[in-house]
Amino acid sequence: MNQFKSLRGMVDVLPEQTSLWQAIEGVAREHFSRAGIKEIRTPILEATDLFARGIGEATDVVGKEMYTFSDRGDRSCTLRPEGTASVVRAAIENGLLTQGGQRLWYEGPMFRYERPQAGRQRQFHQLGIEFLGLKEPMNDAEVISIAWHLLNDLGLKDLELEINSLGTESDRDAFRTRFVSWLESRRSELDPDSQQRLKTNPLRILDSKDKKTKVILESAPKLSELISAESRHRFLHVQQSLEDLGIPFQVNEQLVRGLDYYDHTAFEITNSQLGAQSTVCGGGRYDRLVQELGGPATPAIGWAIGLERLILLMTQQANQNPLGKSAQLSKLKKPDLYIVNQGVDAKRKALVIAQKLRDAGLRVELDSSTASFGKQFKRADRSGADYAFVIGDEEVKTGQAPLKYLRDSSTKNKEVSTEKLLHLDDLESLISTIHKEQNIH
RNA sequence: GCGGGCGUCGCCAAGUGGUUAAGGCAGCGGCUUGUGGCGCCGCUAUUCGGGGGUUCGAAUCCCCUCGCUCGCCCCA
């Protein structure tokens, strides 16, 4: 018996978790709508070249992590490894950029062929925003602020915001030359990975985790010292705005990020509880990407939140603090009413009543088993419903049925707790009774 | 791609060569033939991720394989 299993790194989100996903999405939508950010939905599959050009051939994402295959027309297609390139492509293709600044958000699955580990899957979900055609430092602060406040509103604790400025492309060219020649002379002291990067992507040596390399870097030339006055001024402006907003941050000169398209502001929001994959949100400014992808020169900035990591964190923090916001958002919605029913006529009636009550907006669970009343009450209790409505053949005969409150802790086992006899056909009074009692309890 | 740990019921688990593979949770049935939360009783793995080997005998030892997991790399 060979059971089917999901592919490696592809994870099912089960009903127990989906309510939390929905809650997060709801909070995020609200934040976006308040900030005038509109949703965009783009295809999951794109031409491979879009990512190769957009993200950069030398990056790990493009070099070894893409899900790429040929379709029946022999076109090279790739499941998107991130959202930005697709959004930019869609904006160019549909002429959005001729209509002034665009504030966009997206959410959906992304794919990277990597070895799964805590906080990392092959199919994962990102929620992100992209501001296109907005070049001011205040936009950088605004974009970061939206992420910060969203995460805080979700109840997350112990978040750290790190920012850095990568300057412009020419800033980095100037730096790279100095940096590489300085490191060349100490080549043998570097870890093998960094030695390799001297050729392929020297800037990434900056955030090497290797201890010895880190020590060497302390005395190496700093990017911050070599960027132009204009870039430096811009970065200070962003910092000033963050201070105005009361958002605590740390400047991390080591922060480089692995996607090629960033200029100026780069940032990450992290939490140490996540272990090795500590970044919940990452982003930055990308002023060259739109043009690189064939559009008009358009400055832009955005970020993405990894939803699985966010959920990991929220779940952890909800366990630590059951009264916190994260815990509240994680709670499953309970039914308002559970209909206990037995007998042929009663079941016919119960089905119809359940539907009518649902139409009226109540959350109703209907027992469809032939189990004993005792069994059904047990299920009613477990369902978390506050009320049980009891319909048997007797009730059908007399036209009256008891509505029973299940959450009265003062009544003991076997003792019949508060019941109210209600007319079966008078659903109005059933609904209003439930609403009324909900206010009392 | 590289390194460590682990794979026994839906979930958590005991078992480290010897007749029928503990237990707990959940599920189902009953005690209570129309009233739950507590309690009690019963049922639920011919089988220990899969394949091969060693052995009179393997969940337990060996080999291969698959998967999970943690870390490195990288990133959300």
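Neither side chain, A/Asp140 nor A/His264, offers a donor N or O lying under 3.5 Å from an acceptor on the other. Side-chain contact check for A/Tyr286 and A/Glu130: at least one donor-acceptor pair (N or O, by modelled atom type) lies under 3.5 Å. Judged purely by distance below 3.5 Å, without hydrogens or angles, the side chains of A/Ser272 and A/Ser278 never pair a donor atom with an acceptor atom. Side-chain polar atoms of A/Ser224 and A/Glu253 form a donor-acceptor pair below 3.5 angstrom.
Nucleic acid contact class of A/Gly128 (heavy atoms, under 4.0 Å, all strands): none. No contact: A/Gln123 has no heavy atom under 4.0 Å from any strand. Within the 4.0 angstrom heavy-atom criterion, no nucleotide atom of any strand lies near A/Val61. Note on A/Arg115: a base of the nucleic acid sits closer than 4.0 angstrom, heavy atoms only. Among the heavy atoms of the strands lying under 4.0 Å from A/Glu395 is at least one base atom, whether or not backbone atoms are also near. Residue-level contact check: A/Ala380 touches neither bases nor backbone, having no heavy atom under 4.0 Å from any strand.
For B/rG36, there is no paired base (Watson-Crick or G-U wobble, both distances below 3.5 Å).
Distance from the side chain of A/Phe377 is smallest to B/rU35 among B/rG27, B/rU35, B/rG71. Distance from the side chain of A/Ser372 is smallest for B/rG34 among the nucleotides B/rG34, B/rG29, B/rC73. The side chain of A/Leu406 sits closest to B/rG36 out of B/rG36, B/rU35, B/rA76. For A/Arg382, whose side chain is taken as the heavy atoms from C-beta onward, the closest listed nucleotide among B/rA76, B/rU35, B/rG27 is B/rG27.
Distances shown here put a side-chain N or O of A/Arg8 below 4.0 Å from the OP1 or OP2 atom of B/rC68. Between A/Arg379 and B/rG27, a side-chain N or O to OP1/OP2 separation shorter than 4.0 Å is absent. OP1 or OP2 of B/rA76 has not a single side-chain nitrogen or oxygen of A/Arg122 nearer than 4.0 Å. An OP1 or OP2 oxygen of B/rU69 is reached within less than 4.0 angstrom by no side-chain nitrogen or oxygen of A/Gln117.
Atom CD of A/Glu114 and atom C1' of B/rC72 are 12 Å apart (whole Å). Atom CD1 of A/Ile205 is separated from atom P of B/rC73 by 14 Å (rounded to the nearest Å). In this structure, the CG atom of A/Asp381 is 5 Å from the C1' atom of B/rG36, given to the nearest Å. If you measure from atom CD of A/Gln376 to atom C1' of B/rU33, you get 14 Å, rounded to the nearest angstrom. Remark: P of B/rC11 and CG of A/Leu14 are 11 Å apart, rounded to the nearest angstrom.
If you find the closest nucleotide of RNA chain B to A/Ala118 and to A/Glu65, the one lying nearer the 5' end belongs to A/Ala118. Comparing A/Ser6 and A/Asp393 along RNA chain B, the residue whose closest nucleotide (by nearest heavy atom) sits nearer the 5' end is A/Asp393.
Not a single side-chain contact (heavy atoms from CB on, under 4.5 Å) links A/Glu218 to another residue, sequence neighbours left out.
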